[in-house]
Participant: 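Mind having a look at this structure? Questions to follow.
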Amino acid sequence: MKNNLVRNAAGRMVPTHINGKSVVPYMGVGKFRPSGNRHAPRITTNADFPADGNKQVLSLKEALVKCGLKDGMTISTHHHFREGDLVANMVFDCVHEMGVKNLCWFPSASFSCHAYLLKYLDDGTISHIEGSMNGPLGRYCSEGKMKKTAVLRSHGGRFQAIQDGDVSIDIAVIGAGCADAFGNANGVHGASASGLLGFALADSQYADKVIMVTDHMVPFPCIPWQIQGNCVDYTVVVDKVGIPEKIVSGTTAVTRSPDRLLIADLTARFCEVTGIIHDGFSFQAGAGGTALSIGNYFGDIMRRRGIRARFARGGSNKFLVQMLEEGLVEYILDGQTFDLEGVRSIRDNPRHVMTSPFTSYNYHGKGNFASMVDVAILGATEVDLDFNANVVTHSDGILLHGIGGWQNCLFAKNVILPVPLFRDRIPVVIDEVTTLCGPGELIDVIVTERGIAINPLRQDLIEKTKGTDLPVKTLIQLKEEAEAICGKPQKPKFSDKIVAAIKWVDGTVIDVVRQVTSDKE
Amino acid sequence: MAAFGPLQESYSGLVNFFEYDMTRTLTAGTKGEGVKSDCFVTLEISDEGIDVAIKSKVNTLYGDAIDSLAREMLDFYGIRKGRLAVDDHGALPFTLAARLEAVMRKQTGSAQEYFLPVLPQNQYTTQRDRERVSRLYLPGNNPKLMINAGIYGCHGIILDLEDSVAPDKKYEARFLVRNALRSVDFYGAERMVRINQLPAGLEDLGFVVPQPVNLILIPKCENAGQVRQVDAAISEILGHTNDNIHLMPIIESAAGVMNAFDIAKASGQVVALAIGLEDYTADIGVQRTVAGNESFFARSMVVNAARAAGIQPIDSVFSDIDDTDALLQSAGASKSLGFCGMGCIHPRQINFIHKAFMPDEAEIDKASRIVAAFEKAEKEGLGVVALDSKMIDPPVVKRALQVMEKARKAGMVTKDRRDTNEK
């Protein structure tokens with residue numbers, strides 16, 4: 001396969017073609033100007049659909065057959081059920097039974113439970129994954145075992161890719177906690193209630209065929225309908241779409257680690273001192289242990305100062321719901337709910353609003369919510385001296401995480417990455433990130449337990465911290481401190497083989513992941 | 001060379017340094033699920049050459065560095081035959097070197113110490129009367145807790161060789177504590193070591209005294225002689241009279257309480273007297289309670305003895321790390337008994353303790369008026385200080401100055417507070 005490498009605007013060597021299709025190298029933030037029209041699905045007619053609205057078929061397999069499943073197609077699924085998802089595995093069991101090969105799996109995200117699909121990657125049922133890759137799937141990909149090149153996108157990038165036609169979904173299989181036979185669906189009712197179904201929105205609108213799968217079929221109408229049945233071809237009832245206790249496994253407790261609490265406290269103090277926290281401000285809430293404690297500290301500051309936030313962008317969970325109910329936050333604009341308190345709130349509280357990657361994250365729209373947020377507090381596996389950050393690989397080069405909404409949230413007015421200076425012995429602040437996921441010009445502040453580094457582009461923030469007791473340092477100082485403690489790390493070794501491409505929010509290729517050759521324990 | 005003589009007495013579980021073993025498989029460190037920042041080292045003597053097997057969680061980034069450290073140390077100890085296995089979970093160099101030294105010295109009987117470079121910023125001395133409100137205990141054989149211990153703003157950090165180290169880990173803990181003193185930055189906290197109960201504690205001194213250490217805690221101290229023994233041993237190691245390593249005896253028995261004043265006066269290097277209530281309550285045959293009535297006498301004795309000797313009385317630790325309300329209450333009680341600080345067993349306790357020992361608003365207000373009156377009297381050349389028709393004695397002025405200094409450090413008052421009072 002021809003694969004010319006070119007240097008993109010971030011200085012990374014990237015291919016001009018991925019899996020035989022030409023791609024655009026990253027050109028810089030906001031530099032790529034798309035042209036042409038959005039992708040459009042075929043025109044359908046009601047004459048082909050039952051007038052009584054009953055689109056139910058007997059099995060998922062029957063639905064896949066009726067959708068014309070064949071070799072080489074692109075099948076999408078969604079991660080609303082997170083670690084408890086049964087739908088994706090079920091889909092590929094059917095595909096395997098039918099003997100269909102070489103499919104592209106296009107999930108909105110993958111979880112460890114999808115390690116089940118490794119056997120289908122091995123036997124050629126799935127040729128590659130376009131989506132996030134966590135844990136075992138990431139390792140499999142990094143070791144060069146996937147037959148084609150993987151493509152990783154952010155949640156917003158996924159919407160963009162579907163909308164722009166970079167990816168044509170042949171069959172979208174949408175799992176829902178509750179649906180009717182027409183295909184209207186939501187995630188707030190039923191045993192497998194997961195909150196909202198925003199990640200499936202683009203698929204329902206743009207895929208050629210759409211299958212709705214549920215374990216809680218209600219008579220028409222299914223209210224609310226976050227997914228409209230008018231987009232759905234077939235509906236299927238199965239025993240279980242998800243394992244309830246694992247659906248909410250994304251919930252983590254507030255961290256008890258003193259190091260993380262210190263980082264969280266520093267982050268919150270930074271936001272207070274610099275005026276980022278003010279009456280009517282907005283923030284992106286996270287679900288990790290550190291992010292939760294930052295939320296708690298924000299709450300303390302708001303209570304003390306008698307102010308409130310106009311809105312918080314979720315991931316929601318019980319902590320954010322408490323802030324909403326206490327009146328500290330006026331609205332939650334939610335992207336996904338992490339626990340049952342979140343599900344209850346989004347179902348019952350009109351101030352807890354369902355969003356989608358279209359409203360929040362899509363870069364090829366007419367604006368989105370992400371850039372309206374005052375502060376986004378995000379994670380990273382690595383940060384380099386130019387404030388560039390990595391979220392998908394670890395320093396040993398192994399692909400272990402998806403991008404999620406991370407790239408999209410970088411457009412917030414203030415982006416803060418609270419990270420430890422090193423994890424075990426592995427420095428987080430380093431010379432150059434192993435994989436570039438976010439350009440440093442969008443990353444404003446790095447908060448570590450040993451000091452805060454502010455991007456020189458943000459002189460305003462630097463000014464505001466002068467004369468305060470905040471431990472402001474340069475990134476170089478932090479990097480040297482990490483190296484003094486851990487030692488200078490050697491570089492991981494890679495082969496020339498590109499195993500995955502990292503897309504920027506506009507669909508351009510910002511970096512690639514190469515096959516690791518040096519990893520062994 | 002190690003700067004101490006052969007053991008006089010055997011100590012339970014402590015391997016005699018001069019009794020080495022060439023047949024056993026020797027191990028050091030920690031293994032198992034969830035181990036972080038530590039490693040497990042195994043050294044087996046074999047007939048054929050050297051075999052080094054490194055298994056590391058951070059192999060991609062540090063595999064070569066670990067391998068070369070291991071080989072350099074084998075060479076340093078002249079080990080030419082054997083199988084060395086390192087099962088590493090992200091141990092930092094100071095830990096790796098400590099674990100490797102433990103097995104290699106046990107195997108060879110060598111008294112040579114293998115040193116990594118000492119961090120220049122660790123070499124500082126501390127004032128006799130510096131603040132010692134909080135001091136954080138760290139188990140001497142747990143490297144993970146040491147690495148970030150300095151970032152929480154604790155006034156002192158104690159590397160503990162005594163109760164928090166299992167008897168069969170006492171040997172290797174000495175290397176780890178020694179290396180930590182050299183290599184771990186505690187960001188200005190007073191660097192403390194709690195040695196073992198005498199006489200084993202005297203052997204510990206050889207490992208810590210030549211390193212950047214500011215204070216030695218003497219556990220279960222019962223009489224002045226023990227303090228003098230430690231002080232003399234330190235002087236011997238230093239090669240001159242000890243004049244910079246402070247001592248903090250811990251009173252943990254009824255006998256210790258009765259001798260508290262003598263202990264406090266035993267050496268000019270004693271800067272504080274601490275009390276250990278777990279052992280004390282066991283010694284007098286009662287349960288330790290949150291209210292602490294059972295230890296009221298002992299605590300008051302320690303406060304009085306320390307104050308009479310012109311040193312700091314320091315309270316015991318509070319063991320329930322989740323009950324912060326009770327911690328605040330307990331620390332408040334300590335403060336009102338006259339203690340000027342207490343121990344911490346978890347970093348989360350530090351801020352609560354600092355808060356509890358901070359002067360409150362009324363105290364600061366009174367102190368600022370006293371200071372203002374004092375400065376006015378000085379300016380006017382008056383011999384006596386008066387406030388609201390009351391005479392103020394010099395010690396009261398001194399305490400008021402200390403209160404203001406504390407409050408200022410904590411950001412509770414600005415420099416100008418005094419001026420506004422003068423107006």
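Just so it is clear: chains get the letters A, B, ... in the order the sequence lines come, proteins before strands, and each one is counted from 1. The structure presented is a predicted model; accordingly, all values stated were derived computationally and were not measured.
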Participant: Do the charged groups of Asp322(B) and Arg256(A) touch, with an N to O distance under 4.0 Å?
Facilitator: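 Result for this pair is yes, salt bridge flagged.
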Participant: Determine the option with the most heavy-atom pairs under 4.5 angstrom with chain B, choosing from Leu421(A), Leu261(A), Asp424(A).
Facilitator: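 Top count of heavy-atom pairs under 4.5 Å with chain B: Asp424(A).
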Participant: Is it the case that more than 12 heavy atoms not belonging to Lys31(B) sit under 6.0 Å from its NZ atom?
Facilitator: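 Open.
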Participant: Residues of residues 89-99 of chain B under 4.5 Å from chain A (heavy atom pairs)?
Facilitator: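 Residues in range: His89(B), Gly90(B), Ala91(B), Leu92(B), Pro93(B), Leu96(B).
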Participant: Could you name each residue pair satisfying side-chain hydrogen bond (donor to acceptor under 3.5 Å, both in side chains) that touches residues 260-269 of chain A, not counting sequence neighbours?
Facilitator: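 Counting only pairs at least two positions apart or across chains, the side-chain hydrogen bond (donor to acceptor under 3.5 Å, both in side chains) contacts touching residues 260-269 of chain A are Arg269(A)-Asp469(A).
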Participant: If you count heavy-atom pairs within less than 4.5 Å of chain A, which of Leu119(B), Val184(B), Ile151(B) leads?
Facilitator: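 Sorted descending by pairs with chain A, the first entry is Ile151(B).
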Participant: Go through the atoms of Ile66(B) and report whether side chain, backbone, both or neither lie under 4.5 Å from a heavy atom of chain A.
Facilitator: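 For Ile66(B), side-chain heavy atoms alone lie under 4.5 Å from chain A.
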Participant: Check the surroundings of atom NZ in Lys473(A): do more than 12 heavy atoms from other residues, nucleotides or ligands lie under 6.0 Å from it?
Facilitator: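 Atom NZ in Lys473(A) is packed in, count exceeds 12.
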Participant: Heavy atom to heavy atom, less than 4.5 Å: which residues from residues 482-490 of chain A reach chain B?
Facilitator: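 Checking residues 482-490 of chain A against chain B gives Ile485(A), Cys486(A), Gly487(A), Lys488(A), Pro489(A), Gln490(A).
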Participant: Could you pull out the closest heavy-atom pair between Arg450(A) and Ile147(B), with the gap in Å?
Facilitator: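 Closest approach of Arg450(A) to Ile147(B), heavy atoms only: NH2-O, 3.0 Å.
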Participant: What residues of residues 377-391 of chain A sit under 4.5 Å from chain B when you count only heavy atoms?
Facilitator: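 Residues in range: none.
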Participant: Could you give the distance from OG1 (Thr60(B)) to CD1 (Ile398(A)), rounded to the nearest 0.5 Å?
Facilitator: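 So the gap between those two atoms works out to 7.0 Å.
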Participant: Taking atom CZ of Phe352(B) as the centre, does the number of heavy atoms from other residues, nucleotides or ligands within less than 6.0 Å exceed 12?
Facilitator: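 Incorrect, the count does not exceed 12.
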Participant: For Ile476(A), I'd like to know if atom CD1 has over 12 heavy atoms of other residues, nucleotides or ligands within 6.0 Å.
Facilitator: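 Not more than 12 within 6.0 Å, no.
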Participant: What's the spacing between Leu61(B) CG and Lys491(A) NZ if we round to 0.5 Å?
Facilitator: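 Going from the CG atom of Leu61(B) to the NZ atom of Lys491(A) covers 10.0 Å.
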